[in-house]
Number of protein chains: 2
Amino acid sequence: MSTRVPEAMAFSTQNCTISRTMEILGDKWTFHVLRELFVGVRRFEDIRTRSGIPRQVLTDRLAALIERGVLRRHPYREPGQRERYEYRLTQAGLDLYPVLVAMIQWGDQYLPTEGGPPIEPRHRDCGEHVSVVLRCEAGHEPEPRQVAILAGPGALLREAS
Amino acid sequence: MSTRVPEAMAFSTQNCTISRTMEILGDKWTFHVLRELFVGVRRFEDIRTRSGIPRQVLTDRLAALIERGVLRRHPYREPGQRERYEYRLTQAGLDLYPVLVAMIQWGDQYLPTEGGPPIEPRHRDCGEHVSVVLRCEAGHEPEPRQVAILAGPGALLREAS
DNA sequence: TTGGCTAAGTCTGTCAAGCAGACTTATCCT
DNA sequence: AGGATAAGTCTGCTTGACAGACTTAGCCAA
């Protein structure tokens, strides 16, 4: 193949964590759905109206996210209406916050809009802006270039090509 | 619509930062490509072999990421070969590190594999594991539930439905 | 100077997914 | 009984994914 072979070439992507996470999140509309839930929009018609997602696709994505444990259906009833269901984040869903905040942060930096950020993550207690930072277990906060993604204990060797 | 209307319903998603970021990242294969570059795999055939992405799709994604400023083509030459190009992350691309690390972190927590994590972000200087944390400007490190995504100064009102 | 080697693509036909818009369902109230 | 509403399902069209074959451009050896 090539003389300078990256170490990663020795390993399989079969059980890669990013792959497995993307099996769940890995499509444009799924992120739209998650955004709606994170900003507090929980109902089918509200999500659809705001995000423009096609009905069939919304149905599919909600079902998939429930099956994967990211959302749950929660009953509600408006006065004079029958009982219906809305969608809420589970703890697993809430723990996607860093992913969403990291995406917002990147977008604010590299795709700025006139007028400033349209959405902002804030700490409920103190009202300050929330961001994500990289931190190692020794307490350093490395720049991206100082971080390497290496094979871990669960890495599998790739089949001979 | 409903009695209890989430505030977010008043605002448009048209210029939403997450939408705009997903315009660039928003598909399964794009994340596969980014992962390869983050682990140091930079060449067309290497990326394709490891990730299984169809050629045509890989061509398309690489071109899109270059156009969006996330990657650049970089010439290289193996002995006895003609000059070719490999793909490298720009600064904008590197700054996606928190997004990738956040995804790995979530996957490790909620989709664990036997044998432990197959990939690990580590600090090059000290070798320790790197994670992402949420932090507000006052220095607190809030739990996900203590963070709210609110309308910012650039938020647009939605057209009357 | 021709012919083989290689990485990095392009091309072609098939098939699954996305999509818009119309229709259906299940209750509640009058 | 009839109308209202949220949350879907159904139908047919179109776009994109995909596998596999083919092409390109330079380098080298004979």
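Below, chains carry the letters A, B, ... as their sequence lines are ordered, and counting in each starts from 1.
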**Q** What nucleotide among D/dA7, C/dA26, C/dG18 has an atom nearest to a side-chain atom of A/V57?
**A** C/dG18
**Q** Round to a whole Å and report the spacing from CD of A/E86 to C1' of D/dA7.
**A** 13 Å
**Q** Counting side-chain heavy atoms from C-beta on, which of D/dA17, D/dT24, D/dA6 comes nearest to B/D27?
**A** D/dA17
**Q** Give the rounded distance in Å between these two atoms: NE2 of A/H74 and P of D/dA6.
**A** 18 Å
**Q** Look at A/Y76 and D/dA7 and indicate whether a side-chain polar atom (N or O) is within less than 4.0 Å of OP1 or OP2.
**A** yes
**Q** Give a yes or no on whether a salt bridge exists between A/E143 and A/R145, defined as a side-chain N under 4.0 angstrom from a carboxylate O.
**A** no
**Q** Distance check: side-chain N/O of A/Y87 vs OP1/OP2 of D/dG8, anything under 4.0 Å?
**A** yes
**Q** Examine B/R42 relative to B/Y76 and say whether NZ or CZ is less than 6.0 Å from the centre of the six-membered ring and inside a 45° cone about the ring axis.
**A** no
**Q** With a cut-off of less than 4.0 Å, is there a side-chain N or O of A/R61 near OP1 or OP2 of C/dG18?
**A** yes
**Q** It should be established whether B/T59 places a side-chain nitrogen or oxygen under 4.0 Å from OP1 or OP2 of nucleotide C/dT10.
**A** yes
**Q** For the side chain of A/K28, starting at C-beta, report the closest nucleotide among C/dC19, D/dC18, D/dA7.
**A** C/dC19
**Q** Kindly say if B/R73 contacts the phosphate of C/dG9, meaning a side-chain N or O under 4.0 Å from OP1 or OP2.
**A** yes
**Q** Could you check whether the rings of B/H123 and A/H140 sit parallel, tilted or perpendicular, using 30° and 60° as the cut-offs?
**A** perpendicular
**Q** Would you mind reading off the distance between A/R82 atom CZ and C/dT24 atom C1', rounded to a whole angstrom?
**A** 11 Å
**Q** Could you tell me how far apart B/Q56 (CD) and C/dC15 (P) are, to the nearest whole angstrom?
**A** 19 Å
**Q** Please determine whether a side-chain nitrogen or oxygen atom of A/W29 lies at a distance below 4.0 Å from atom OP1 or OP2 of C/dC19.
**A** yes
**Q** Does the side chain of B/Y87 reach to within under 4.5 Å of the side chain of B/R73, using non-hydrogen atoms?
**A** yes
**Q** What is the distance, to the nearest angstrom, from the CD1 atom on A/I53 to the C1' atom on D/dA7?
**A** 14 Å
**Q** Quick check: on DNA chain C, is the nucleotide nearest B/D60 upstream (toward 5') of the one nearest B/Q81, or the reverse? Name the residue that is more 5'.
**A** B/Q81
**Q** What is the distance, rounded to the nearest whole Å, between atom CD of A/E45 and atom C1' of D/dT9?
**A** 13 Å
**Q** For B/Y85 and for A/E83, find the nucleotide of DNA chain C with the closest heavy atom, then tell me which residue's nucleotide is more 5'.
**A** B/Y85
**Q** Using 4.0 Å as the upper bound for N to carboxylate O, is an ion pair formed by A/R55 and A/E45?
**A** yes
**Q** Does any donor-acceptor pair link the side chain of A/R84 with the base of D/dT5 at a separation under 3.5 Å?
**A** yes
**Q** What is the separation between atom CD on A/E78 and atom P on D/dA4, rounded to the nearest whole Å?
**A** 19 Å
